[in-house]
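Notes follow the structure.
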Amino acid sequence: MAGTMERRMWDLLLILTTAPHSSDVVTSALRLSQAVLDRGGSVRVWACGYATMMTQNTFGDTKLPNTRDPEGHYPSPSAVVQRMIADGEGRFGWISCTACTEERGSTHHIPQVRHRSPLRLATTVTSAKQTLYLGGA
C-alpha cells in the first residue's frame, strides 16, 4: 500500500468574505489572527469575495497619510499581511479564492498569497481544528 501524505493541521481557519473597508470585520480578523499567533498558534485565512482585494501588490507599503497624524506610519493591508506571514514563521498563511479573484479582477497579489480553487475549500476546512466564517452571505 502506498504511503499517505500527512496533511498539516492549522489551529484556526478564518474564512473572510467581507470587503476590506466596509466594516471592522477585516480589522477584527487580523487582530484575532495576531492574538492566536501571539499564543503560539497557527492561522490560515481563506479570502473570498471582495476580501481578495486585501493582498493586492498595487497598494504599496503604506496607506495615504492620516490627516490627524500626517507623520504617522500606516501600513497598507497587503503590507500587514506580508508582515504577519514573515513574522509568523510558517504559522500564518493567506489563501485567495481563484474564482473570486478572477471575478473581481484582483489578480495582482503579493507573492506570499496562495491561490486555491473554491473546490478546495472543504479540504481546507478539514485541515483546521476550528473554522470561523466572517463576513456577508
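One-based numbering along the sequence shown.
Tyr74 is listed as a side-chain neighbour of Asp69, based on a closest heavy-atom distance under 4.5 Å. Within the 4.5 Å cutoff, the side chain of Val81 has no heavy atoms near those of the Val45 side chain. For the pair Ser33 and Leu14, the minimum side-chain heavy-atom distance is below 4.5 Å. Side-chain contact between Trp94 and Leu16 is present, with heavy atoms from C-beta onward closer than 4.5 Å. The closest side-chain heavy-atom distance from Pro77 to Thr55 is not below 4.5 Å.
With hydrophobic clusters built from ILVMFWY side chains whose heavy atoms lie under 4.5 angstrom apart, Val43 does not share a cluster with Ile95. Note on Leu121 and Tyr133: same hydrophobic cluster, where clusters join Ile, Leu, Val, Met, Phe, Trp and Tyr whose side-chain heavy atoms are under 4.5 Å apart, directly or indirectly. In the hydrophobic clustering of this structure, Val80 groups with Val113; members are Ile, Leu, Val, Met, Phe, Trp, Tyr whose side-chain heavy atoms approach within less than 4.5 Å, directly or through other members. Residue Val36 is grouped with residue Leu132 when hydrophobic side chains (ILVMFWY) are merged at heavy-atom distances under 4.5 angstrom, including chains of intermediate members. If you chain together hydrophobic residues whose side chains sit under 4.5 Å apart, Leu13 and Val26 never meet in one group.
A donor-acceptor pair under 3.5 Å is absent between the side-chain atoms of Gln130 and the main chain of Leu12, judged by distance alone.
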side-chain contact (heavy atoms from CB on, under 4.5 Å) evaluation trace for Thr131 with Thr124: CA-CA 10 Å; Thr131 300; Thr124 304; over 6 Å; no
Do Leu134 and Thr18 pass the side-chain contact (heavy atoms from CB on, under 4.5 Å) test, and can you show the C-alpha distance, the side-chain angles, and the key distance before you say yes or no? CA-CA 7 Å; Leu134 303 170; Thr18 190; over 6 Å; no
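Residues satisfying the ring-ring contact (aromatic ring centres under 6.0 Å, His included) test with His115, not counting sequence neighbours, are His109. Applying the side chain to side chain contact (heavy atoms under 4.5 Å, CB included) test to Gln34 and every residue at least two apart in sequence or in another chain returns Leu37, Asp38, Arg83, Met84.
The two residues Gly49 and Cys100 come nearest to each other via the heavy atoms N-SG, 3.1 Å. Contact detail for Thr98 and Pro118: the closest heavy-atom pair is OG1-CD, 3.8 Å.
Residue Cys97 holds its SG atom at 12.0 Å from CZ of Arg120, rounded to the nearest 0.5 Å. Remark: His108 NE2 to Ser78 OG distance equals 13.5 Å, nearest 0.5 Å. Rounding to the nearest 0.5 Å gives a distance of 7.5 Å between CE of Met9 and OG1 of Thr126. Thr107 contributes atom OG1, which lies 6.5 Å from atom CD of Gln56 (distance to the nearest 0.5 angstrom).
Sorted by first and then second residue, the side-chain hydrogen bond (donor to acceptor under 3.5 Å, both in side chains) pairs with a member in residues 39-52 read Asp11-Ser42, Thr52-Ser106; sequence neighbours excluded.
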